[in-house]
Participant: 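Pasting a structure here, questions to come.
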Amino acid sequence: MLEWLGLPPDESPAVGGPNAPYVQSERLERHQAYANQLLQAGKAYRSFETAAELEQMRQEAEQEGNSYRGYDRRYRDLEPEVAQRRADAGEAHTLRLKVPLEGHTVVQDLLRGAVTFKNSELDDKVLVKSDGFPTYHLAAMCDDHDMGITHVIRAEEWLVSTPIHIQIYRAFGWEEPQWIHTPWLLGADHKKLSKRTGDVSVESYRARGFLPEALINYLGMMGFSMPDQREIFGVQDLITHFSWDRVSLGGSIFDIEKLKWLNGKYIREVLTLEDLANRIWAFAPPTTEKPENFDAVVKMMAQRLETLADFLPKTAYFWSEDFAFTEKALQTLEAGKAILSDLLPQLEGLETLDPTSTHDLFAAFAAEKGLKLGKIMPPLRAAVAGTLESPDLGSLLEALGKERVLTRVRRALA
RNA sequence: GGCCCCAUCGUCUAACGGUUAGGACACUACCCUUUCAAGGUAGUGACGCGGGUUCAAAUCCCGCUGGGGUCACCA
């Protein structure tokens, strides 16, 4: 999906890279070795309480009206030899980080500056679970260090766990990366975007007919603005003009309406007609064989689409005789039958239904009958398209072709 | 509740001490027009509140209020 968006990763489980393996489970031994290093150095300790005991502690704190203050560190000062013996005896245990009890940990965040946490508020986080697997905290820090990560860019929700991450780095004696906590992408309810409040998977936007260029462009304008204020920009523009000091910190609400507008903008102004036709064909072909008028239909629809998914429902009458009529179209047809039957022979007389010929015909017919075009065109439009809302009638008739137009008019009059 | 982050139109944002607070989406009106779109023009609409600092504050400081996040052997 990142490839689809135009953001191929330099390294990943799929493409490989110099820091392989990239699958966390394949790095288990490294994580365990690192954990052991911390234990030997006295920076971490074995802890024997059960999950049930922890849950009980939490509930008791809640009943007393006090909010949970974190793990009570009951095994922090257990003699290492005793802990070792209990572990050797097979007693289930976790490995916890021995965070400093006093002083402060300062997170230097590139966007927010210095964020200070009291060490007394920190928790002795579990590094290795009782099943022997590392927690995210341990695994991610070890992997980041091993892989030479210089900038940790993640959402704001991670900010409060960063002091723990810094303490892990310090326990190992490693140099910290640059921390950057980005602002929220919110749903219409002003809360973290979720499935309830909007789609969160890139795939669902692809499936709904959004263009990757429009999606990445839209995402790029959430919490960021181009130096010259332009709103239409691509990944390459982002690469050349991005700077952290143009990132705003307030969370932004994902507005599907603006995404649709932007997508339509790409459809009608950025993509070439050829490109658009190819994408529509790949997204949802209306027929098995590409019809000869396909490109012409795409051309007349380009200004009327917000997403690729709009194409099929709006063009059904081009691909089949079995298209629906709207209520208004039926009424207009009924009221205009007389006009239509007078018009039919004249249409039959035309060599081809190109826009020039038909327009001339309508003008002459209108003059002869003393009618306005507004009386003549709607019934014809209704007869051939089943709707009163369509592209320009001239192009429409041409794309349909004389044969189909006449057939549909006759059918409407029958 | 403790701790942490954040705060300009309904929404996305510009402004980096001095502007009639600008643009975009949406909305409304008008123009164009064979309908629908697209396009054009105009309009409605914001600096959360209170103190400072300063000749001057949306911009800097403090407090309040409001919103969000986080308090797992999940990430």
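It should be emphasised that the depicted structure is a prediction, and the values quoted were computed from it without experimental measurement. Residue numbers start from 1 in every chain, and the chains themselves are labelled A, B, ... in the order their sequence lines are given, proteins ahead of strands.
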Participant: Could you please name the partner base of B:rA21, counting Watson-Crick and G-U wobble pairs only when both distances are under 3.5 Å?
Facilitator: none
Participant: Indicate, with a heavy-atom threshold strictly under 4.0 Å, whether A:L388 touches base, sugar-phosphate, or nothing.
Facilitator: base
Participant: Would you indicate which nucleotide in B:rA75, B:rU70, B:rC73 comes nearest to any side-chain atom of A:K192?
Facilitator: B:rU70
Participant: Taking the same atom, P, in B:rG43 and in B:rG51, what whole-Å distance lies between them?
Facilitator: 34 Å
Participant: Rounded to whole angstrom, note down the P distance from B:rG17 over to B:rA58.
Facilitator: 13 Å
Participant: What's the closest nucleotide to the side chain of A:E389 if the choices are B:rG23, B:rC36, B:rC73?
Facilitator: B:rC36
Participant: Can you tell which of B:rA37, B:rU11, B:rC25 lies closest to the side chain of A:E257?
Facilitator: B:rC25
Participant: Determine whether the aromatic ring centres of residues A:F254 and A:Y218 are separated by less than 6.0 angstrom.
Facilitator: yes
Participant: Taking only the side-chain heavy atoms of A:S248 (C-beta and beyond), determine which of B:rC25, B:rC4, B:rU13 contains the nearest atom.
Facilitator: B:rU13
Participant: Report the base-pairing partner of B:rC36 (Watson-Crick or G-U wobble, both distances below 3.5 angstrom), or none.
Facilitator: none
Participant: Sort out the partner of B:rC3 for me: Watson-Crick or G-U wobble, both distances under 3.5 Å, none otherwise.
Facilitator: B:rG69
Participant: Taking any heavy-atom pair under 4.0 Å as a contact, classify A:P183: base, sugar-phosphate, or nothing.
Facilitator: nothing
Participant: Taking A:E389 first and then A:K328, would you say they form a salt bridge - that is, a charged N and a carboxylate O separated by under 4.0 Å?
Facilitator: no
Participant: For B:rU28, which nucleotide in any strand shown is its Watson-Crick or wobble partner with both distances under 3.5 Å?
Facilitator: B:rA42
Participant: At 4.0 Å (heavy atoms only), tell me whether A:K260 reaches a base, stays on the sugar-phosphate, or touches nothing.
Facilitator: nothing
Participant: Work out how far the P atom of B:rA46 is from that of B:rG52, and round it to whole angstrom.
Facilitator: 26 Å
Participant: For A:W174 together with A:Y34, are the ring centres under 6.0 Å from each other?
Facilitator: yes
Participant: Measure from the side-chain heavy atoms of A:R304 and tell me the nearest of B:rA37, B:rG69, B:rG39.
Facilitator: B:rA37
Participant: Looking only at side-chain atoms of A:D255, point me to the closest of B:rG68, B:rU11, B:rC73.
Facilitator: B:rU11
Participant: Taking a pair as Watson-Crick or G-U wobble with both distances under 3.5 Å, which nucleotide is matched to B:rC49?
Facilitator: B:rG63
Participant: Under 3.5 Å, is there an N or O donor on one side and an acceptor on the other linking the side chain of A:S130 and the base of B:rC73?
Facilitator: yes
Participant: Indicate, with a heavy-atom threshold strictly under 4.0 Å, whether A:V126 touches base, sugar-phosphate, or nothing.
Facilitator: sugar-phosphate
Participant: Would you indicate what A:H359 reaches in the nucleic acid, counting non-hydrogen atoms under 4.0 angstrom: base, sugar-phosphate, or nothing?
Facilitator: base
Participant: So what does A:E121 touch, heavy atoms closer than 4.0 Å: a base, only the sugar-phosphate, or nothing?
Facilitator: sugar-phosphate
Participant: Is the charged tip of A:R96 near the ring of A:Y71: under 6.0 Å from the six-membered ring centre and within 45° of its axis?
Facilitator: yes
Participant: Would you say the rings of A:Y136 and A:W158 are close, in the sense that their centroids are separated by under 6.0 Å?
Facilitator: yes
Participant: Quick one: which of B:rC4, B:rC3, B:rA24 gets closest to the side chain of A:E231?
Facilitator: B:rA24
Participant: Rounded to whole angstrom units, what separation is found between the NZ atom of A:K125 and the C1' atom of B:rA75?
Facilitator: 12 Å
Participant: What nucleotide among B:rG2, B:rC73, B:rA14 has an atom nearest to a side-chain atom of A:S225?
Facilitator: B:rA14
Participant: Any base atoms under 4.0 Å from A:F117, or only sugar-phosphate, or nothing? Heavy atoms, all strands.
Facilitator: sugar-phosphate
Participant: Report the distance from atom CE of A:M57 to atom P of B:rA72, rounded to the nearest whole Å.
Facilitator: 10 Å
Participant: Write down the distance between NZ (A:K265) and P (B:rC25), rounded to a whole number of angstrom.
Facilitator: 7 Å
Participant: Please confirm whether any donor atom in the side chain of A:R112 sits under 3.5 Å from an acceptor in the base of B:rC5, or the reverse.
Facilitator: no
Participant: Using atom P in both nucleotides, what's the gap between B:rG23 and B:rG69 to the nearest angstrom?
Facilitator: 34 Å
Participant: When rounded to the nearest Å, what value does the distance between C1' atoms of B:rG45 and B:rC9 take?
Facilitator: 5 Å
Participant: Look at the side chain of A:K258 and decide which nucleotide, out of B:rA7, B:rC25, B:rC36, has an atom nearest to it.
Facilitator: B:rC25
Participant: Mind checking if A:I253 touches a base, just sugar-phosphate, or nothing, with heavy atoms under 4.0 Å?
Facilitator: sugar-phosphate
Participant: Could you tell me if A:R208 sits above the aromatic ring of A:Y205, with its cationic atom closer than 6.0 Å to the ring centre and no more than 45 degrees from the axis?
Facilitator: yes
Participant: For A:R381, answer base if it contacts any base atom (sugar-phosphate contacts may also be present), sugar-phosphate if it contacts only those atoms, and nothing otherwise; contact means non-hydrogen atoms under 4.0 Å.
Facilitator: base
Participant: Would you say A:K129 reaches B:rA75's phosphate, i.e. side-chain N/O to OP1/OP2 under 4.0 Å?
Facilitator: yes
Participant: Counting only side-chain nitrogens and oxygens, does A:R154 get under 4.0 Å of the OP1 or OP2 atom of B:rG69?
Facilitator: no
Participant: Is the phosphate of B:rU13, meaning OP1 or OP2, less than 4.0 Å from a side-chain N or O of A:R246?
Facilitator: no
Participant: I'd like the C1' distance from B:rG22 over to B:rC74, given in whole Å.
Facilitator: 45 Å
Participant: Check every strand shown and say whether A:S252 touches a base, only sugar-phosphate, or nothing at a heavy-atom separation below 4.0 Å.
Facilitator: sugar-phosphate
Participant: By the 4.0 Å heavy-atom rule, please label A:E53 as base, sugar-phosphate, or nothing.
Facilitator: nothing
Participant: Roughly how far apart, to the nearest Å, are B:rC64 and B:rC6 at atom C1'?
Facilitator: 15 Å
Participant: Taking any heavy-atom pair under 4.0 Å as a contact, classify A:G374: base, sugar-phosphate, or nothing.
Facilitator: nothing
Participant: State the CD-CD1 distance between A:E306 and A:I256, to the nearest 0.5 angstrom.
Facilitator: 10.0 Å
Participant: Regarding A:R85 and A:E79, does a basic nitrogen lie under 4.0 Å from an acidic carboxylate oxygen?
Facilitator: no
Participant: Between B:rC5 and B:rG40, how far is it from one C1' atom to the other, in whole Å?
Facilitator: 44 Å
Participant: Any side-chain N or O of A:T135 less than 4.0 Å from the OP1 or OP2 oxygen of B:rC74?
Facilitator: no
Participant: Looking at the rings of A:Y317 and A:W319, which for Trp means the six-membered one, are their centres under 6.0 Å apart?
Facilitator: no
Participant: Touch check for A:G223, heavy atoms < 4.0 angstrom, all strands: base, sugar-phosphate only, or nothing?
Facilitator: sugar-phosphate
Participant: Under 4.0 Å between a side-chain N or O of A:R230 and OP1 or OP2 of B:rA14?
Facilitator: no
Participant: Name the closest nucleotide to the A:S390 side chain, picking from B:rC25, B:rU35, B:rG39.
Facilitator: B:rU35
